[in-house]
Number of protein chains: 2
Amino acid sequence: MNASRLTDHTGYWMRMVSNAVSQEFARKVAGQDVTVAEWSFMRALYDLEPVPPSVLAEKMGMTKGAISKLAERLLAKGLVVRTENKDDKRAHSLSLTNEGRDKIPVLAALADENDAEFFDTLTREEHETLNRILKILAERRGLDATPVD
Amino acid sequence: MNASRLTDHTGYWMRMVSNAVSQEFARKVAGQDVTVAEWSFMRALYDLEPVPPSVLAEKMGMTKGAISKLAERLLAKGLVVRTENKDDKRAHSLSLTNEGRDKIPVLAALADENDAEFFDTLTREEHETLNRILKILAERRGLDATPVD
DNA sequence: TATTGTTATACTCTATAACTATA
DNA sequence: TATAGTTATAGAGTATAACAATA
């Protein structure tokens with residue numbers, strides 16, 4: 001085990017790059033009064049709504065406690081609503097409000113901008129390969145990779 | 001801007017995957033009484049020691065305040081030492097202690113294990129491509145990609 | 001004055017575990 | 001008893017900004 005072997009950990013470099021990307025993106029969405037985790041939550045809702053918190057937790061790789069806390073904040077911001085389940089009073093579903101849904105394209109544009117800033121340095125082929133690999137990895141972990149189109 | 005376009009954000013998927021990898025790795029290194037950020041810090045030191053905190057901050061994409069806090073914790077654990085700079089009494093350098101250096105191969109083995117768990121699902125070529133791309137991205141951001149060998 | 005680094009403060013993110021309400 | 005979800009608590013990670021010491 002020599003020094004150069006140590007640099008070969010994919011998880012290490014992925015964390016390094018991902019943190020840089022997310023930190024910069026956090027700055028961008030702060031102007032919209034939204035955090036990165038909130039964007040992620042809203043993006044997932046956009047595909048899945050109406051969805052119970054338990055399913056969202058599974059799809060996002062988070063605990064239900066974490067989802068609950070995030071949901072509460074988005075509820076307070078008026079971006080998300082709860083809908084009661086008539087069959088089971090313990091359960092409910094989460095959806096975007098109109099205000100929340102209207103914010104999606106704005107935030108997506110910022111995400112595009114941020115992606116460009118970091119990934120346009122890659123060739124088109126490299127970028128596509130990276131996307132493909134990331135989706136494979138997400139899918140294998142049961143994270144919410146939308147069905148192959 | 002339709003729904004399917006929204007799934008194409010590289011940053012989104014990278015964060016999803018990176019968080020899953022780091023969370024699992026955190027569980028693994030917890031048994032060594034080390035956090036993921038501490039491992040990252042120690043790995044960087046392994047390549048750069050002795051190094052002033054300011055340089056480490058730059059190489060790791062963190063603020064000097066964050067480095068200071070991490071360094072203090074590793075100092076308390078006996079894994080890192082400070083060395084005074086005789087020319088400039090404001091400055092100092094950080095290095096691993098023998099105990100810290102001995103821990104590196106143990107932690108690196110856990111990182112290998114964790115990488116295998118997540119990335120062995122890829123073909124060898126895909127894995128190598130991913131590594132190459134991540135290093136390109138890290139380098140362009142001035143993060144401490146060790147010199148090309 | 002400028003620079004190196006620390007400290008104080010605050011907030012996000014997340015987990016674990018205890019709890020509540022309903023089934 | 002089991003399940004859906006919330007709440008309480010705690011700690012990691014990080015930033016910003018004020019500060020101290022030295023240059």
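Only heavy atoms go into these numbers, but all of them, side chains included; no hydrogens, no water, no symmetry mates. In the text below, chain A, chain B and the rest are named by the order of the sequence lines, each starting its count at 1.
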Between C1' of D:dT22 and CG of B:D87, the distance in whole Å: 13 Å
Over-ring placement of A:R141 relative to B:F118, 6.0 Å and 45° cut-offs: yes
Whole-Å gap separating C1' (C:dT14) and CG (A:L56): 15 Å
Gap between atoms CD and P, on A:E84 and D:dT6 respectively (whole Å): 12 Å
Lys/Arg N to Asp/Glu carboxylate O, B:E126 vs A:R132, below 4.0 Å: yes
Donor + acceptor pair across side chains of B:T10, A:H127 (<3.5 Å): yes
Whole-Å gap separating P (D:dG13) and CZ (B:F41): 12 Å
Contact list for DNA chain C against residues 23-37 of chain A - heavy-atom distance below 4.0 Å: A:T35, A:V36, A:A37
Sole candidate of B:D112, B:D115, B:N114, B:N131 that passes side-chain hydrogen bond (donor to acceptor under 3.5 Å, both in side chains) when paired with A:H9: B:D112
Under 3.5 Å donor-acceptor, B:S40 side chain and B:V36 backbone: no
Spacing of B:M62 atom CE relative to D:dA15 atom P, expressed in whole Å: 7 Å
Nearest non-hydrogen partners of B:V80 and B:F41, listed with the distance: CG2-CE2, 4.2 Å
Gap between atoms CG and C1', on B:L74 and D:dA12 respectively (whole Å): 13 Å
Where protein sits on nucleotides 3-10 of chain C, one letter per nucleotide: B base, S sugar-phosphate only, - none, heavy atoms under 4.0 Å: BBBBB--B
Under 4.0 angstrom between B:N19 side-chain N/O and C:dT14 OP1 or OP2: yes
Side-chain (A:S18) to main-chain (B:S18) donor-acceptor, under 3.5 angstrom: no
A:R101 to A:Y46, cation-pi by 6.0 Å centre distance and 45° axis angle: no
Between A:R82 and A:S93: side-chain donor-acceptor atoms closer than 3.5 Å: no
Estimated bend of the helix from C:dT1-D:dA23 to C:dA23-D:dT1 (axis per five terminal pairs, rounded to 10 degrees): 20°
Closest contact, heavy atoms only, A:E38 versus A:D33: OE1-O, 4.0 Å
B:M42 and B:L79: CA distance, side-chain angles, deciding distance, side-chain contact (heavy atoms from CB on, under 4.5 Å) verdict: CA-CA 8 Å; B:M42 290 171 71; B:L79 300 173; 4.1 Å; yes
